[in-house]
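Only this structure's heavy atoms are used, side chains among them; waters, hydrogens and symmetry mates stay out. Because the structure is predicted, anything quoted here is derived from the model rather than measured.
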Amino acid sequence: YTLLHSMADLQNINNGLSGHYALAQSLDASGVGSWVPIGTDGAGNTNGSGFTGTFAGLGHTISDLTVDMPSVSNVGLFGVLGNGGTIRGVGLIGGSITGSSVVGSLVGYNVGGAINNAYATGVVSGTTLIGGLVGVNGGTIGSAYATGAVNGPLGNVGGLVGENDGTINDAYATGAVTSTGLFAGGLVAFNAGTISNSHASGTVNGTVYVGGLAGATGVATAIESSYATGVVTGSGDNVGGLVGANDGSITESYATGIVVGLGHYVGGLVGNNIAAGNIQIIRSYATGSVTGSSQVGGLGGINQSGAG
């Protein structure tokens, strides 16, 4: 492993994206004037295959990193984590990350890498595909959390991840999520993969497809042993305490937050349970009060499949 003693050393990873690195100490990033997200060229393009090596934080932190790239995609400490890349044992304290699309505090785009024992507390802003920790996850995330507020006017905004195409386990988010576009979730905006043993407690404010845990889920996806406790508000349709619109399976999960939807399909657990292929909601419940315009339910606003 190459030991990293400074932010300059950390930035230099871009010259060796398949190497093995470890933080020698916690770093103060407040004096960093500009940052090229690791694994990119700084203009939103992937550098090679992104970061495919190993980054071990060894429990150290990086504090007060500010990245202001409002017209650039793939923005974060790491812009692109490639297939086989690993990030573990690091925390990002404070600071703020701003990009265009695919933006996260730690990683913008996780193509197929592994993120473990990592967290972030700073604010994340962009236009779409914005997450408190990762913008888009195509790999694995485990034992991770984010506590900062997340904002994105064009949608796909999540407290931890903007869009999950991979696996999230043992993770949580507590930051407020705000979007005026489609898909907003306390943990994940749109889930196209698996979420297990995870939770979210932040308030979620969105338009259509708004959920305390996930704004919406895709076909053949899964949410298992997870919950949401935050207040959920949507100005349009498909608003739920756990999931706004569900097209996958939900097992042993629950929601306790207040749900307010100004449109159709508003539910304490799921706003719209589409669930093609007879995929069901199993051993799950909701306890929060629910207010909506039409097709409102304590568990689901409309159920087109099954619940057990």
Side-chain angles (χ1 to χ4, degrees), residues 115-116 131 133-134 137-146 158-174 177 183-202 204 209-230 232 234 238-259 261 265-288 290 295-308:
I115 299 170
N116 294 290
L133 191 74
V134 176
N137 176 50
T140 62
I141 297 174
S143 301
Y145 67 87
L160 188 83
V161 174
E163 179 177 314
N164 177 46
D165 301 320
T167 300
I168 298 172
N169 180 58
D170 187 26
Y172 69 88
T174 64
V177 174
F183 306 110
L187 190 80
V188 172
F190 185 80
N191 179 43
T194 299
I195 299 171
S196 59
N197 303 302
S198 298
H199 66 273
S201 60
V204 184
Y209 302 114
V210 186
L213 190 82
T217 66
V219 176
T221 60
I223 294 175
E224 304 165 348
S225 302
S226 297
Y227 65 90
T229 61
V232 180
N238 301 304
V239 181
L242 190 79
V243 178
N246 175 52
D247 211 1
S249 65
I250 298 174
T251 306
E252 296 182 341
S253 298
Y254 66 90
T256 63
I258 295 169
V259 181
Y265 315 135
V266 184
L269 190 77
V270 174
N272 186 346
N273 188 41
I274 304 165
N278 294 318
I279 297 173
Q280 296 183 330
I281 298 173
I282 302 170
R283 295 187 295 278
S284 299
Y285 66 91
T287 62
V290 184
Q295 292 179 286
V296 180
L299 187 72
I302 182 171
N303 181 38
Q304 302 182 55
S305 182

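Separation of atoms CD1 (I223) and CD1 (I168) is listed at 9.5 Å; rounding is to 0.5 Å. Atoms CD and CG, on Q280 and N303 in that order, are 9.0 Å from each other to the nearest 0.5 Å. The structure places CG of L299 at 11.0 Å from OG1 of T287, a figure rounded to the nearest 0.5 Å. To the nearest 0.5 angstrom, Y285 atom OH is 5.0 Å from Y254 atom OH. The distance from atom OH of Y227 to atom OG of S201, rounded to the nearest 0.5 Å, is 8.0 Å.
Residues G212 and A228 come closest through the heavy atom pair C-CB, 3.5 Å. What you find for G162 and A189 is that their closest heavy atoms are O-CB, 3.0 Å. Across all their heavy atoms, G159 and A173 have their closest contact at C-CB, 3.6 Å. The shortest heavy-atom contact between S226 and L213 is CB-CD2, 4.0 Å. In terms of heavy atoms, L133 sits closest to A146 at N-CB, 4.1 Å. Nearest heavy-atom pair, D165 versus A192, reported as atom, atom and distance to 0.1 Å: OD1-CB, 3.4 Å.
By the 4.5 Å heavy-atom criterion applied to side chains, I282 and I250 are not counted as neighbours. Proximity of V266 to V259: side-chain heavy atoms (C-beta onward) are separated by under 4.5 Å at one or more points.
For the side chain to side chain contact (heavy atoms under 4.5 Å, CB included) test, residues two or more places apart in sequence or in another chain that qualify with D170 are S143. Residues meeting the side chain to side chain contact (heavy atoms under 4.5 Å, CB included) test with A216, sequence neighbours left out: F183, F190, Y209, A245. For I302, the side chain to side chain contact (heavy atoms under 4.5 Å, CB included) criterion is met by Y265, N272, Q295, Q304, not counting sequence neighbours. V204 meets the side chain to side chain contact (heavy atoms under 4.5 Å, CB included) test with V177, A184, V210; sequence neighbours excluded. Legend: residues meeting side-chain hydrogen bond (donor to acceptor under 3.5 Å, both in side chains) with S196, ordered by chain and number and at least two apart, are N169. Every side-chain hydrogen bond (donor to acceptor under 3.5 Å, both in side chains) that N164 has, sequence neighbours left out, goes to N137, N191.
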Verdict with supporting geometry, I141 and V161, side-chain contact (heavy atoms from CB on, under 4.5 Å):
CA-CA 10 Å; I141 297 174; V161 174; 3.6 Å; yes
How far apart are the C-alpha atoms of L242 and S253, what are their side-chain angles, what is the distance that settles it, and do they pass the side-chain contact (heavy atoms from CB on, under 4.5 Å) test?
CA-CA 8 Å; L242 190 79; S253 298; 4.0 Å; yes
Are L269 and V243 close enough, and set up right, to give a side-chain contact (heavy atoms from CB on, under 4.5 Å), and what steps lead you there?
CA-CA 6 Å; L269 190 77; V243 178; over 6 Å; no
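Each of L187, T174, I195, V134 was checked for a side-chain contact (heavy atoms from CB on, under 4.5 Å) with L160, and the lone residue meeting it is L187.
In this structure, S225 contributes its side chain and N197 its backbone to no donor-acceptor pair below 3.5 Å. In this structure, the side chain of S284 does not engage the main chain of I281 through any donor-acceptor pair within 3.5 Å.
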